[in-house]
Engineer: 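Got a structure here, written out as structure tokens. Questions coming.
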There are 2 protein chains.
Amino acid sequence: MKLDDIDKRILRALQRNGRMANNDLANEVGLSPSPCLRRVKLLEEAGVIDRYVAVLNPASIDKGLTFFTRIWLKTQDEDTIQHFATEVAKLPQVMECYLMLGDCDALVRVVAADVNDYRRFQSEHLSRIKGVQNVKTDVPSWTIKYTSELPI
Amino acid sequence: MKLDDIDKRILRALQRNGRMANNDLANEVGLSPSPCLRRVKLLEEAGVIDRYVAVLNPASIDKGLTFFTRIWLKTQDEDTIQHFATEVAKLPQVMECYLMLGDCDALVRVVAADVNDYRRFQSEHLSRIKGVQNVKTDVPSWTIKYTSELPI
DNA sequence: GCTTCTCCGCAATTTGGTTGCGAAGATTGT
DNA sequence: ACAATCTTCGCAACCAAATTGCGGAGAAGC
């Protein structure tokens, strides 16, 4: 979809505040309310805007820590990978999971309350997925940046 | 903050749809509109709900690829790290950046249109940050899961 | 068992979302 | 260059949802 400057301004604004009132949004991007709303609806229908979400503070719901887990599979055949993907997708503690080329087979970002919480998760869920040969955990000591705002 | 079952239901619902109408939300969590809205406002004021955002489709704005970059710094002293953190935070292509213990010093998730776009970013921005000694890029071949919904 | 505190639901009010239409500007073809 | 057409705007009326105040019920504490 072709996006002009106004569309981009709309997307930037809605990435900052997804609940901005249409009147305010229209004002910010230099449009009157009705064409502004029309553009937003088009961006939604075109799938440029995928959805709107509330962003929670992880610490306040006892999910303040992030862990990166590198995973090695026993084999890299289609079935093993497919099964791994299906099982990982079911685990709500897993926020991100990528299949990697090179070093490890998969990289997973997990949220947990503390190290014990994570250890339990690793041994009771991650390691038990069929096909998982080895896991190694990397612990960030500090989150420098974590954003949902794509550059546009 | 203490969260009861209804609060958790509210948070789950708003993580799925941050623009859900209050009436629908109230209905879903088993409350009438006004106490439901009151709870939402409290959750916002308490910082449990940090903000609301529009989630864009990265591909549709030409940011369809993710790259992980591991970074090694020349030294790990406070000044070097602080400077690195400040500079990385300024780069809009950087979605996540963590300081790591062990293997590398920092792990960065970057979005780009394609490999050329990424290469340009790496050489023109990442590598030029003072104190950066070495970078290595890992490319996910497939994103199994990527969510903003915290388990609650 | 009485008081107090908390939290709910109802109803009125206000605010913002939504739609239809006419006009202005841009674009294309002659 | 001009005319026809298409696009996209702004205005205004309408409709729906958010917001607020208040009275009452239930739970907790004394």
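These values consider heavy atoms only, across backbone and side chains, with no hydrogens, waters or symmetry-generated copies. Quick note on labels: first sequence line is chain A, next is B, and so on, each numbered from 1.
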Engineer: Nearest whole angstrom, please: distance from the C1' of C/dG17 to the CG of A/Leu31.
Structural biologist: 16 Å

Engineer: Hey, does the side-chain of A/Ser32 have a donor or acceptor N/O within less than 3.5 Å of a partner on the base of D/dC11?
Structural biologist: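 Counting by modelled atom types and ignoring angles, no donor-acceptor contact under 3.5 Å is found here.
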
Engineer: Taking atom P of C/dT6 as reference, at what distance in whole Å does atom CG of B/Asp4 sit?
Structural biologist: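 Nearest whole value for this atom pair: 15 Å.
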
Engineer: Would you say A/Asn23 places a side-chain N or O within less than 4.0 Å of OP1 or OP2 belonging to C/dT15?
Structural biologist: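 The answer is no; no side-chain N or O of A/Asn23 sits under 4.0 Å from OP1 or OP2.
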
Engineer: Which nucleotide sits closest to the side chain of B/Leu37: D/dA18, D/dC9, C/dT18?
Structural biologist: D/dA18

Engineer: Measure the distance from CG on B/Asn22 to P on C/dG9 and round it to the nearest whole Å.
Structural biologist: 12 Å

Engineer: Rounded to whole angstroms, how far apart are CZ on B/Arg39 and C1' on C/dG9?
Structural biologist: 13 Å

Engineer: Please report the distance, rounded to the nearest Å, between CE in B/Met20 and P in D/dA16.
Structural biologist: 20 Å

Engineer: Please walk me through it: do A/Thr137 and A/Gln122 pass side chain to side chain donor-acceptor pair (under 3.5 Å)?
Structural biologist: CA-CA 9 Å; A/Thr137 302; A/Gln122 180 179 314; 2.9 Å; yes

Engineer: In whole angstrom, what separates A/Glu45's CD from C/dT18's C1'?
Structural biologist: 14 Å

Engineer: Look at the side chain of B/Ser34 and decide which nucleotide, out of D/dG21, D/dC9, C/dC8, has an atom nearest to it.
Structural biologist: D/dG21

Engineer: Quick one: does B/Asp7's side chain have a donor or acceptor within less than 3.5 Å of a partner on B/Leu3's backbone?
Structural biologist: no

Engineer: Without decimals, in angstroms, what is the distance between A/Leu42 CG and C/dT19 P?
Structural biologist: 13 Å

Engineer: Consider the side chain of A/Pro35, meaning its heavy atoms from C-beta on, and name the nucleotide among D/dG10, D/dA18, C/dT18 that approaches it most closely.
Structural biologist: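 Looking only at heavy atoms from C-beta outward on A/Pro35, the closest nucleotide is D/dG10.
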
Engineer: For B/Tyr98 and A/Phe68, I'd like to know if the aromatic rings sit close, meaning centre-to-centre distance below 6.0 Å.
Structural biologist: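 Yes; A/Phe68 has its ring centre under 6.0 Å from that of B/Tyr98.
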
Engineer: Could you check whether any side-chain heavy atom of B/Ile144 comes within less than 4.5 Å of a side-chain heavy atom of A/Phe84, counting everything from C-beta outward?
Structural biologist: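 Yes - at least one pair of side-chain heavy atoms lies under 4.5 Å apart.
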
Engineer: By the 4.0 Å heavy-atom rule, please label B/Arg19 as base, sugar-phosphate, or nothing.
Structural biologist: nothing

Engineer: Could you tell me how far apart B/Asn17 (CG) and D/dA17 (P) are, to the nearest whole angstrom?
Structural biologist: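 Atom CG in B/Asn17 sits about 14 Å away from atom P in D/dA17.
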
Engineer: Quick one: which of D/dG10, D/dA18, C/dG9 gets closest to the side chain of B/Arg38?
Structural biologist: C/dG9

Engineer: Would you mind checking if A/Arg109 and B/Glu96 are paired as a salt bridge, meaning a charged N to carboxylate O distance below 4.0 Å?
Structural biologist: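 Yes, charged N to carboxylate O under 4.0 Å.
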
Engineer: Quick check on D/dA18: is either OP1 or OP2 less than 4.0 Å from any side-chain nitrogen or oxygen of B/Lys41?
Structural biologist: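 Checking B/Lys41 against D/dA18: no side-chain N or O falls below 4.0 Å of OP1 or OP2.
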
